[in-house]
Amino acid sequence: MPHASSMADSHLLKKDHLKGFLRKLAKEYRLVAPVRNRHGDVLFTVIDDLDAVEIELSEPPQNSLKQFFLPQQEQLSTYTITPEGYDFQPTKATIPPTVYFGVHPCDLSAVLYMDVVFSRQQRDPFYLRRRQGSVLIGINCNNPSPKCFCNATGSGPFIEMGSDLQLTDLGDRFLVETGRTSGHTLTERWQGFFSPSTDKDRAARYQAFLEARGRFSRQVHVEQAIRRLEADTVPDEVFAKLSLRCQDCGGCAYLCPTCTCFTISDQPLDAVNGQRLRSWDACTFAGFTVMAGGHNPVQAKTGAIRQRFTHKLRDDVRLTGRPSCVGCGRCVGICFGGTDIVRFVERTCQGSL
Amino acid sequence: MSEPLSYLGVPLARPKVGFFELSSCEGCQLQLLNNEATLLDFLNLVEIVNFREGMSERADTYDIAFVEGSVTRKDEIARLTEIRKNAKILVALGSCACFGGVNQLKNRFRDLDWVKKEVYGDFPIETMEVHPLKDFVQVDLEIFGCPIKKEEVERIVTDLVVGKAVHHPEYPVCMECKANENICLFELGEPCLGPVTRAGCDSWCTSNRRGCWGCRGPAEGANLKQLEEIMHTYGFSSETILDRLECFGGFASFADAVRSPSPNKKTTARRKKS
Amino acid sequence: MKLSCEVNVHHLTRVEGHGNINISIKNGVVKKAQWEVIETPRFFEAMLVGKHWENAPYICGRICGICSIGHTLASIRAVENAFGITPSTQTANLRLLLKHMETLQSHILHLYFLAAPDFLGVGSVLPLAKTHPEVVQRALRLKLLANDACDIIGGRRLHPTRTVVGGFTMLPEKGELEKIRQRLMASVPDLLASAELFKTFAIPDFTRETEFVSLKGETNYPFIGGGLVSTDGVVKKEHEYRAMTNEYCKKGFTSKLSKLSRPSFAVGALARLNNNFALLHPTAREISKFLGLVPVNHNPYMSNVAQLVECVQVVLDSVQLIDALLGSPWQEARQPVKAKQGEGVGAVEVPRGILYHYYKFDKDGKVIKADCVIPTSQNHANILHDIEALASQYAKTGKKDREIELLAEMLVRAYDPCISCSVH
């Protein structure tokens with residue numbers, strides 16, 4: 001449980017020392033952290049010059065870490081057409097060891113979920129190559145945004161797994177908990193930046209957690225929706241009504257940190273050469289389940305929407321014990337039609353509260 | 001200029017390609033000339049035999065004819081028919097050729113004589129109701145957009161040359177826009193048809209914070225009725241939505257549904273089937 | 001000696017749009033010398049009637065694929081003038097920079113792809129890629145720079161996306177502007193090489209005294225808005241454009257025609273330069289003199305040279321504009337727009353000459369009346385008279401049909417006509 005600070009070790013990092021610590025890290029790792037762009041949007045960004053940017057921890061970033069491990073489009077292989085047929089040369093793109101700094105609990109949970117998806121049955125070398133050598137530095141959420149409902153999905157506002165270092169903002173300082181061996185390595189290697197924490201600091205962390213928990217502006221009854229899906233008592237008209245409003249933009253799936261569906265296509269580059277690409281897909285798209293020959297086993301839009309929510313809230317619970325919705329609220333923000341998961345949960349639970 | 005091409009070991013002839021224009025701004029052809037980075041590679045792939053905007057030489061047979069513009073005068077029907085006869089594949093290039101484009105905005109007016117008089121006074125000038133190419137000849141392939149996206153044309157020509165089936169995206173621009181990590185324009189107070197317009201432009205306008213005007217026509221699952229309701233909740237009027245729906249002609253039937261009956265305007269621009 | 005000649009050019013190539021040239025000379029006497037414009041009209045002015053103001057720049061930009069930026073800017077200016085909106089300095093600078101880059105793009109396209117093949121004795125730019133690769137590469141380099149700059153500022157090189165009444169939907173990144181500045185500086189040697197190349201071209205010896213109409217700059221070489229002037233001494237205000245254009249219809253033309261002090265006048269790079277030579281950047285002025293172009297020049301073939309001089313002008317001026325933009329922090333991209341009843345004119349010097357858009361709005365901001373006067377339509381009558389004079393000049397010289405045909409074609413191309421635009 002969040003209050004029983006089970007992380008083995010904890011230290012203090014003064015806020016004044018944060019940049020110095022990151023500067024050290026940036027010498028050995030590529031650094032990714034939330035930064036505000038010129039339009040005022042906070043986004044996880046690759047940082048080349050730490051002195052030229054301000055790291056933004058006050059609001060959740062609009063993108064998640066998904067794009068770094070599973071890019072929107074990536075080349076799986078190139079091919080050449082020879083008289084004998086296709087000759088494939090697999091692409092072996094790697095990325096430098098990267099520190100992801102300022103990752104909120106929802107996004108940490110999402111990375112853990114993706115790890116399962118991409119190594120459960122068949123190991124996905126493309127995902128795993130990118131994921132290897134990554135260091136996750138999390139930050140607990142003291143101020144959940146109005147869209148957030150991670151308290152309902154068991155993935156926040158504080159978290160104790162998934163990260164190498166887990167930070168809690170205590171005003172002028174961070175409480176730094178080291179989860180994994182790699183976290184210990186970091187605090188030991190640069191111990192000059194850290195000082196020992198006291199019981200008082202740990203009490204302050206617990207207090208921050210309690211306050212954060214009280215700051216959610218809405219209660220989303222995810223648990224109840226899960227039970228209803230499991231019992232198959234969600235009325236068809238809930239799906240039908242939501243489907244009507246879906247504009248098939250895929251925004252929910254793109255922004256969702258746990259939507260990992262993809263499609264693979266071959267693209268000729270000239271008469272003899274081409275590349276095989278993997279791109280994000282979305283189960284809500286009309287063509288998603290179309291098979292070779294044109295048959296579509298899923299019934300149009302209603303089926304697609306049903307598929308989306310059932311997968312997230314029932315199938316993944318069966319598989320991993322928890323829903324793959326992490327309560328980040330991104331789909332709530334992006335869906336101008338109101339076909340987001342919160343709307344689904346609310347409609348599903350209507351009349352039963 | 002080029003190495004002989006081959007596909008699966010079988011030699012391929014470089015297709016003879018002609019570019020033609022009916023009533024248009026010729027911008028779609030210009031898009032191809034505007035292709036500095038890849039122009040020479042592209043020229044390597046095809047043999048251009050007819051391109052009035054760029055060269056003096058002309059030929060009368062071609063494998064692929066790209067026709068830009070819409071039909072707005074009787075003599076253009078004959079020209080189009082002639083091009084169709086000489087071409088193995090006829091491609092409608094751009095929104096004017098596919099749907100009538102901005103040209104068809106004049107079809108809003110029932111009275112063609114009023115239209116002529118408004119512009120030319122009493123001077124006699126010939127024109128007719130604007131039609132897309134497919135109303136008169138068989139069109140083998142449509143390339144949407146005002147203007148066309150050069151990358152798309154190059155991809156399509158490459159597919160044609162190697163004999164691969166050409167597929168247009170079925171999903172809407174909205175999806176590409178989300179993929180480009182743009183903030184929703186509705187949030188910025190900008191009306192947008194991205195949710196119902198066929199993708200393929202890589203959200204060209206919306207990535208520049210300009211709402212989509214639907215130049216590529218409807219996506220497969222365009223859910224206009226719901227979009228209209230959604231846009232109303234964001235405070236956009238039916239007239240604003242209609243301005244965009246009727247701009248390029250791709251949404252003609254949708255525009256009819258939104259348009260309120262008005263005495264001096266046409267309600268339907270009826271289309272002949274080819 | 002052969003004193004008869006038949007020239008019938010149907011759908012002249014390497015120009016934008018559809019036009020025909022017909023010349024008939026019998027025994028040294030010109031029987032016929034015609035320039036016909038047969039392009040299909042598209043009725044833009046009618047399309048706009050009843051439409052909300054925001055449609056005007058979006059739809060009117062689509063009059064022309066080559067100068068869509070110029071049309072969009074003229075349309076925006078007309079709407080802003082009607083509503084009493086003054087663009088901010090930042091917006092004005094960005095618009096002028098965008099305009100400059102369109103001018104550069106269009107002039108380079110015309111000079112290298114449409115005009116140069118005549119002087120080098122080939123039918124198109126394609127064979128030049130083999131025989132003169134460095135020339136083609138240079139042209140592509142300059143065009144790419146101009147087009148990239150248009151993408152960065154206007155959102156798109158053709159039918160721009162960011163340009164709206166009140167300003168821009170989005171601003172470029174300063175780093176991008178800085179890169180464009182570097183590339184502009186690096187393009188100067190290419191422009192000088194272009195001047196050397198055009199110096200070697202044999203410009204046909206033909207003059208016909210002509211009235212030249214353009215904007216009149218006060219302190220800067222003019223491109224967007226301001227007073228109207230002619231070399232015959234006519235001076236008018238922007239909103240008096242009708243008195244400057246006097247449009248009429250004529251058999252054989254689906255475009256309207258214009259006249260002023262004489263039966264015809266010319267607009268375009270040569271007209272701008274003839275009227276504003278003193279306002280050119282000193283370097284541009286030197287290049288003009290180097291190429292033998294000093295005002296007032298009445299040889300229409302020199303329009304090509306004038307375009308080249310303007311390329312230098314816009315590149316050097318763009319560097320200064322970028323410096324001004326980089327020198328201050330970004331302000332709001334777009335100011336709010338409040339529609340009101342009224343009328344407005346926007347006069348903009350687009351690559352082929354002065355362009356006017358006029359709109360009249362009702363109290364809801366809906367278009368009651370629209371009028372667009374296109375540079376090429378103002379030039380048509382002058383092209384016609386030039387062809388007549390050209391035919392007369394060469395009627396007794398015994399030139400071959402093909403030689404006269406080429407001279408006539410080159411003459412029309414020198415005007416860089418945008419025919420579909422002129423008919424719109």
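In this structure, the portion of Phe44(C) lying under 4.5 Å from any heavy atom of chain B is its side chain and not its backbone. The part of Glu190(B) that comes within reach of chain C is its side chain, from C-beta onward, which places non-hydrogen atoms under 4.5 angstrom from that chain. Contacts of Leu158(C) with chain B are made by both backbone and side-chain atoms, with heavy-atom separations under 4.5 Å. Only the backbone of Ser207(B) comes within contact range of chain C, judged by heavy atoms closer than 4.5 Å. Of the atoms belonging to Leu48(C), it is backbone heavy atoms, and not side-chain ones, that fall under 4.5 Å from chain B. Residue Lys117(B) does not touch chain C at all, counting heavy-atom pairs closer than 4.5 Å.
The two atoms that bring Ala46(C) and Val119(B) nearest to each other are N-CG2, 3.8 Å, heavy atoms only. Taking both residues in full, the closest heavy atoms of Ile125(B) and Pro41(C) are given as CG1-CG, 4.0 Å, listed atom of the first, atom of the second, then distance.
Between the side chain of Arg162(C) and the main chain of Asn208(B), no donor-acceptor pair closer than 3.5 Å is present. In this structure a side-chain-to-backbone donor-acceptor pair under 3.5 Å is present from Arg62(C) to Cys146(B). Checking side-chain atoms of Tyr120(B) against main-chain N and O of Phe43(C) turns up no donor-acceptor pair under 3.5 Å. Formation of a donor-acceptor pair under 3.5 Å by the Arg42(C) side chain with backbone atoms of Lys106(B) is not found in this model. Side chain of Glu26(B) to main chain of Gly17(C): a donor-acceptor pair is present (N/O by atom type, distance under 3.5 Å, no hydrogens or angles).
Of the listed residues (Met170(C), His159(C), Met47(C), Glu45(C)), the greatest number of heavy-atom pairs within a distance under 4.5 Å of chain B belongs to Met47(C). Note: Pro147(B) leads Ser70(B), Cys205(B), Cys96(B), Pro147(B) in heavy-atom pairs under 4.5 Å with chain C. Between chain C and the residues Leu188(B), Val115(B), Thr240(B), Leu22(B), the largest count of heavy-atom pairs under 4.5 Å involves Val115(B). Considering only heavy-atom pairs separated by less than 4.5 Å from chain B, the leading option among Cys249(C), Ser420(C), Cys421(C), Ala333(C) is Cys249(C).
Between the CG atom in Leu30(B) and the CD atom in Glu16(C) there is a gap of 8.0 Å [rounded to 0.5 Å]. Here OG1 of Thr40(C) is found 7.5 Å from CG of Asn103(B). Values are rounded to the nearest 0.5 Å. Arg79(B) CZ to His11(C) NE2: the interatomic distance, rounded to the nearest 0.5 Å, is 5.5 Å. Between the CG atom of Asn55(C) and the CH2 atom of Trp213(B) there is a distance of 4.0 Å, given to the nearest 0.5 Å. A distance of 8.5 Å separates CZ of Arg209(B) from OG1 of Thr169(C), quoted to the nearest 0.5 Å. Interatomic distance, Glu126(B) CD to Thr254(C) OG1, rounded to the nearest 0.5 Å: 11.0 Å.
Residues Arg210(B) and Arg156(C) are not in side-chain contact: their nearest non-hydrogen atoms beyond the backbone lie 4.5 Å or more apart.
Crowding of Glu332(C) atom CD: a count of heavy atoms from other residues, nucleotides or ligands under 6.0 Å not exceeding 12.
Note on ring orientation: taking the six-membered ring where Trp is involved, the planes of Tyr58(C) and Phe248(B) are perpendicular (angle over 60°, cut-offs 30° and 60°).
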Show your reasoning for whether side chain to side chain contact (heavy atoms under 4.5 Å, CB included) applies to Lys51(C) and Arg108(B). CA-CA 11 Å; Lys51(C) 281 278 182 191; Arg108(B) 287 186 297 141; 3.9 Å; yes

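A salt bridge does not link Glu39(C) to Arg73(B): none of the charged side-chain nitrogens sits closer than 4.0 Å to a carboxylate oxygen.
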